[in-house]
Amino acid sequence: MKLMMKSVMPLSMGVWWYATAYAIFLALLPFLAEGLKALGRECHFSLAATVLVIWGLTSFIPGMIKINDGFFGFIYLFSLISAYKWYIEPFTTRQVWLTTGIGLGFFLLCTCASITLSLLGHDMGIYITGAWKLPVVMVGFGMFLLFDRVTFHNRFINRIAQSAFAIYLITDYTASEKLLWIKLFNLQNLYQQPLAILQILGILLTIYAVCILIDFARQALFVFTIDRRRRHWFDLLWKRSISFKA
């Protein structure tokens with residue numbers, strides 16, 4: 001019942017943290033952009049360097065302050081990306097690959113360190129892969145720049161991409177998570193079985209396909225409802241125009 005009440009106003013109640021955070025960020029974006037432009041080039045670079053030290057370099061140290069899931073993370077990224085877009089010459093392809101490679105190198109280094117510490121009895125986890133960590137930002141930034149330089153069009157992929165957000169909403173819903181990962185597919189029972197990776201991939205692809213079909217049905221229903229309303233209002237306007245002319 002509590003989840004049902006929250007679902008009436010999902011953004012205000014934070015049912016999906018990403019949707020709530022992004023909606024707040026979009027509401028603040030016009031003012032944030034104007035404020036950053038007013039800072040000018042030098043102050044903007046100083047701000048970017050400061051936040052990189054506070055949340056970037058310290059992300060390599062376990063237990064340091066971090067950005068929790070929320071709209072503040074989007075503001076952090078926007079302050080960095082806008083500095084690049086507004087004041088820095090576009091990276092060459094070599095520089096983009098170098099940025100991505102350094103980020104992946106940090107992943108590999110921290111993974112090896114985590115494994116070594118785990119063998120010595122200190123299980124720290126691979127904390128460097130958390131949201132907003134510097135290696136994650138470096139790899140994500142590099143990947144976006146790389147794909148931004150590629151021209152590729154495919155109607156089938158674009159059609160499926162329209163349902164990407166809906167898939168997130170369906171699978172990240174609390175009731176859906178319990179249904180999928182506790183009642184229907186408890187992946188822990190597959191970990192020690194032969195071909196466990198293939199079984200898990202099959203389950204994930206099946207869930208993905210079913211969610212796409214659900215969203216396709218939603219889109220068709222929405223379009224059908226809108227078209228009916230449009231035809232209804234058009235008929236009313238047409239009848240009124242005829243009566244007005246008469």
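Values in this document were obtained by computation on a predicted structure and should not be read as measured data.
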Which class fits the ring pair Y18 and Y22: parallel under 30°, tilted 30 to 60°, perpendicular over 60°? parallel

Would you find more than 12 non-hydrogen atoms of other residues, nucleotides or ligands less than 6.0 Å from [X] atom [atom1]?
X: L198; atom1: CG; answer: yes
X: Y168; atom1: OH; answer: yes
X: R149; atom1: CZ; answer: yes

Within the 4.5 Å heavy-atom criterion, are [X] and [Y] side-chain neighbours or not?
X: F91; Y: F141; result: yes
X: T171; Y: E177; result: no
X: N186; Y: W181; result: no
X: Q199; Y: I197; result: no

Is the backbone of W86 close enough, under 3.5 Å, to the side chain of H44 for a donor and an acceptor to pair up by distance? no

I'd like to know if the side chain of S79 and the backbone of Y76 have a donor-acceptor N/O pair within less than 3.5 Å. yes

Ring centre gap for [X] and [Y] strictly below 6.0 Å:
X: W132; Y: F74; answer: yes
X: F147; Y: F152; answer: no
X: W55; Y: F72; answer: yes

Start with the C-alpha distance between Y87 and S82, add both sets of side-chain angles, then the distance that settles side chain to side chain donor-acceptor pair (under 3.5 Å), and finish with yes or no. CA-CA 8 Å; Y87 304 116; S82 58; over 6 Å; no

Pair I81, F144 - check side chain to side chain contact (heavy atoms under 4.5 Å, CB included), show working. CA-CA 11 Å; I81 295 173; F144 270 102; over 6 Å; no

Would you sort out whether Q162 and N158 count as a side chain to side chain donor-acceptor pair (under 3.5 Å), showing the intermediate values? CA-CA 6 Å; Q162 294 179 7; N158 289 338; over 6 Å; no

